[in-house]
Amino acid sequence: MTHYVPAGLPTSIRHFIGGEFVDSVGGETFDVLDPVSNQTYATAAAGQQADIDLAVAAAKEAFDHGPWPRLLPRARARVLHRIADAVEAQDARLAELETFDTGLPITQALGQAQRAAENFRFFADLIVAQADDTYKVPGKQINYVNRKPVGVAGLITPWNTPFMLESWKLAPALASGCTVVLKPAEFTPLSASLWAEIFAAAGVPDGVFNLVNGIGEEAGDALVKHPDVPLISFTGETTTGQTIYRNCAANLKGMSMELGGKSPAVVFADADLDAAIDSTLFGVFSLNGERCTASSRILVERSIYDDFCARYAARAASIVVGDPHDPATEVGALVHPEHYAKVMSYVEIGKSEGRLLAGGGRPSGLPEGNYVSPTVFADVAPTARIFQEEIFGPVVAITPFETDADALALANGVKYGLAAYIWTTDLTRAHNFAQSVDAGMVWLNSHNVRDLRTPFGGVKASGLGHEGGYRSIDFYTDSQAVHITLAPVYTPRFGAH
Ligand code: NAD
């Protein structure tokens, strides 16, 4: 297989601080691999405390003295729309870079680029339409909410859809009037630099957007602990979230945590089976299975179980695995050899925990690169590790159930609670199940198709706090209550005896 390398790749990836591309103060770097050749294609600046200090200082200066937090919403919205226009205009370039760096199939990377643009457009519209509460106490008081951007927002993002997930934090943070320091994932730093050019061209003032590349335990940790960063928005693994949670405590920072998942798709016998099969295949194998909301556990009612498993496995075995740049590819290469090794170890564990119906290792004809065949295990017990633990790759566990109560117990019997997908044509069952399942987001008869106004987030070990729509604006702003007195206030006269 020829290895497609986009033209004009950088050989060094730098920080962006106070409007300038810069190296680390101490010159530290780390290697960046592409997931098809697993060769180093660039070195990236490895941010340390000193680099975070400079980035936070630039962001604080822009927040305390610059125009951005003081602009009228319409003026900020105009800039955000220009950002969206620029992202749309270069979606093909963005997608090819993202595909090269992450191994995501090109058609899916293109969709993610377009979604990134939509995030900016959405939050531009939202801040212009934003209304805040006013409360009247007739003849006595008026109270109103004075919404204020919180300050320098620390944004820490994962590698699975880097550019889109960065937009999910950058758009509401900037819309709210915050200034930011972004620490992107170290496996996939390539596309984040594009923000710097896009923002500058759209009219974002210097210092409003700062980017520090680096390792989580170094650059990320320094950002989390920095006293001038009052809030951290984090997306990543649950264990990392727990560490960050502890490290935010010293400064009582605001936190938003979007963490891992092990989401169930529950297929009842009365479901539209063709649609359920299409949807649950896409739900776990899209984005290479490196998807927080993946339907990685499929619970199937016993009477249709054998039929479902046979049809599902046949389709999984036909999924096109290959060069991420080929538009025909449905599953590309996993992001990094370390992650590949982790996913492959679960494939081996699964062989003793379930009945292997499809996949089970490296696809033939692809001797190099982080390729894993779409892998299906049936008859997986709820105690199995492949039922309980997030694999974050193209691996699915299928388990039968007898009754609605069994299905609910299985669905809720893991530590995570991000998404759930319910397949039934019985309206009453659908709503009762949706309301009982431990999940921040539920889809009835669909995979993950999301309206940007709806809350996004998980329960249990899948997260803390919900973003999405005005909730994101709530996170990046303080709602100050201002009380106006309209009549004499009864005041006990202490010391006036
Ligand atoms: P990760 O937790 O390893 O890393 C995420 C980010 O945190 C990276 O930028 C990393 O450098 C940084 N980091 C690591 N240690 C840190 C520390 N001690 N202090 C500060 N920052 C630190 O996650 P990942 O492997 O990049 O991403 C995959 C995970 O993300 C999966 O668990 C997936 O479910 C989750 N995810 C969740 C959502 C969601 O919305 N719920 C979306 C996408 C991905």
Side-chain angles (χ1 to χ4, degrees), residues 30 32 44 46-49 52 101-102 104 112 115 119 154-169 181-189 192 211-226 229 232-250 253 255-263 284 286-296 334-336 338-343 346 389-393 414-419 439-441 448 450 454-468 472:
F30 64 96
V32 190
Q48 311 291 316
Q49 179 77 54
I52 290 290
D101 206 22
T102 62
L104 290 178
Q112 297 294 320
R115 186 69 165 184
N119 280 334
L155 313 179
I156 302 179
T157 48
W159 47 256
N160 58 323
T161 51
F163 194 78
M164 195 287 287
L165 280 171
E166 289 152 18
S167 77
W168 173 242
K169 299 184 188 303
V181 178
L182 169 68
K183 206 303 280 173
E186 56 267 45
F187 282 175
T188 55
L211 162 72
V212 178
N213 289 294
I215 308 303
E217 290 76 6
E218 298 172 359
D221 186 64
L223 183 58
V224 165
K225 292 177 179 166
H226 202 293
V229 178
I232 296 289
S233 177
F234 171 75
T235 300
E237 279 185 17
T238 298
T239 50
T240 315
Q242 288 169 323
T243 303
I244 291 177
Y245 192 93
R246 280 193 292 275
N247 290 339
C248 283
K253 296 193 180 203
M255 273 178 307
S256 170
M257 302 240 155
E258 308 286 5
L259 307 176
K262 191 76 183 178
S263 301
V284 73
S286 55
L287 306 179
N288 298 341
E290 298 162 323
R291 180 171 196 149
C292 56
T293 54
S295 51
S296 51
L334 301 193
V335 68
H336 191 276
E338 279 172 25
H339 185 60
Y340 173 80
K342 176 188 150 182
V343 173
Y346 276 107
E389 298 173 20
E390 184 182 45
I391 300 172
F392 219 55
V414 298
K415 70 175 181 174
Y416 295 106
L418 192 55
M441 298 167 282
N448 170 348
R450 219 185 127 251
T454 58
F456 184 96
V459 297
K460 301 202 295 193
S462 290
L464 195 67
H466 280 63
E467 296 195 41
S472 298

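Just so you know, ligand 1 is whichever comes first in the structure, and atom 1 is the first atom listed for that ligand.
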- Derivation of the side chain to side chain contact (heavy atoms under 4.5 Å, CB included) call for T238 and M257: CA-CA 9 Å; T238 298; M257 302 240 155; over 6 Å; no

- Query: Has ligand 1 got any nitrogen or oxygen that is less than 3.5 angstrom from a nitrogen or oxygen of T238?
  - Reply: no

- By number and element, which atoms of ligand 1 are closer than 4.0 Å to a non-hydrogen atom of P184? 9 (O)

- Taking distance alone, with no angle check, do E390 and ligand 1 share an N/O pair under 3.5 Å? yes

- Message: Give me the atom names and distance for the closest heavy-atom approach of S263 to L418.
- Response: OG-CB, 4.0 Å

- Message: Set out, in order, the CA-CA distance, both residues' side-chain angles and the distance that settles side chain to side chain donor-acceptor pair (under 3.5 Å) for E389 and Y346, then state yes or no.
- Response: CA-CA 9 Å; E389 298 173 20; Y346 276 107; 2.5 Å; yes

- Task: Walk me through it: do L223 and V212 pass the test side chain to side chain contact (heavy atoms under 4.5 Å, CB included)?
- Result: CA-CA 9 Å; L223 183 58; V212 178; over 6 Å; no

- Message: Side chains of K169 and S256: any donor to acceptor distance under 3.5 Å?
- Response: no

- Please name the pair of heavy atoms, one in A219 and one in N213, separated by the smallest distance, quoted to 0.1 Å. CB-O, 3.9 Å

- Query: Taking the side chain as C-beta and beyond, is there a heavy-atom pair between V335 and T188 under 4.5 Å?
  - Reply: yes

- For atom 12 (C) of ligand 1, the protein heavy atom that lies nearest, with its residue and separation: I156 CG2, 3.6 Å

- Item | Exercise: identify the closest heavy-atom pair between R291 and N160 | CA-ND2, 4.1 Å

- Message: Using a 4.0 Å cutoff against the non-hydrogen atoms of E186, which atoms of ligand 1 qualify?
- Response: 8 (C), 10 (C), 11 (O)

- Task: Work out whether the distance between some heavy atom of A185 and some atom of ligand 1 is less than 4.0 Å.
- Result: yes

- Which heavy atom of the protein is the closest neighbour of atom 24 (P) of ligand 1, given with residue, atom name and distance? W159 NE1, 3.4 Å

- How does I244 reach ligand 1, by side chain, by backbone, by both or by neither, if only non-hydrogen atoms under 4.0 Å count? side chain

- Task: Verify whether one side chain among S233 and E258 offers a donor that lies under 3.5 Å from an acceptor in the other.
- Result: no

- Report the nearest protein non-hydrogen atom to atom 28 (C) of ligand 1: residue, atom name, distance rounded to 0.1 Å. F392 CE2, 3.5 Å

- Item | Sub-4.0 Å atoms of ligand 1 with respect to non-hydrogen atoms of K183 | 8 (C), 9 (O), 10 (C), 11 (O)

- Query: Taking K415 for the side chain and G261 for the main chain, is one N or O donor matched with an acceptor at less than 3.5 Å?
  - Reply: no

- Note on the structure: atom 38 (C) of ligand 1: of S462, C292, G236, the nearest heavy atom sits on C292

- Enter the distance from E467:CD to F456:CZ here, rounded to the nearest 0.5 Å. 9.0 Å

- Could you list which atoms of ligand 1 come closer than 4.0 Å to a heavy atom of F456? 40 (O)

- Heavy-atom nearest neighbour in the protein, as seen from atom 23 (O) of ligand 1, with distance rounded to 0.1 Å: E237 N, 3.4 Å

- Query: For atom 27 (O) of ligand 1, which protein heavy atom lies nearest, and how many Å away is it?
  - Reply: P158 CB, 3.2 Å

- Task: Output the list of atoms in ligand 1 that are nearer than 4.0 Å to some heavy atom of T235, sorted by atom number.
- Result: 5 (C), 36 (N), 37 (C), 38 (C), 39 (C), 40 (O), 42 (C), 43 (C), 44 (C)

- Does an N or O from T157, backbone or side chain, lie closer than 3.5 Å to an N or O of ligand 1? yes

- Task: For T240 and G236, indicate whether the former's side chain and the latter's backbone hold a donor-acceptor pair under 3.5 Å.
- Result: no

- Item | H339 ring center near W159 ring center (under 6.0 Å) | yes

- Query: What do we get for F187 next to ligand 1 when only non-hydrogen atoms under 4.0 Å count, side chain, backbone, both or neither?
  - Reply: neither

- Item | Atoms in ligand 1 flagged as close to L165, the criterion being non-hydrogen separation under 4.0 Å | 43 (C)

- Item | Check: S462 side chain, L259 main-chain N or O, donor-acceptor pair, under 3.5 Å | no

- Task: Could you see which bit of L223 sits under 4.0 Å from ligand 1, with heavy atoms only: side chain, backbone, both or neither?
- Result: neither

- Atoms of ligand 1 close to G220 [distance to a heavy atom under 4.0 angstrom, numbered from 1]: 19 (N), 20 (C), 21 (N)

- Query: In the protein, what heavy atom is nearest to atom 18 (N) of ligand 1, and what distance, to one decimal place, separates them?
  - Reply: T243 CG2, 4.0 Å

- Task: Heavy-atom contacts with T240 under 4.0 Å: which atoms of ligand 1 show up? List them by number with element.
- Result: 1 (P), 2 (O), 3 (O), 13 (N), 14 (C), 15 (N), 16 (C), 22 (C)

- Report the distance from atom CZ of R115 to atom CH2 of W168, rounding to the nearest 0.5 Å. 8.0 Å

- Query: Does the protein put a heavy atom under 4.0 Å from atom 40 (O) of ligand 1?
  - Reply: yes

- Task: Measure T239 to ligand 1 on non-hydrogen atoms and call it side chain, backbone, both or neither using the 4.0 Å cut-off.
- Result: neither

- Message: So for ligand 1, is G216 a polar contact partner (N or O within less than 3.5 Å, distance only)?
- Response: yes

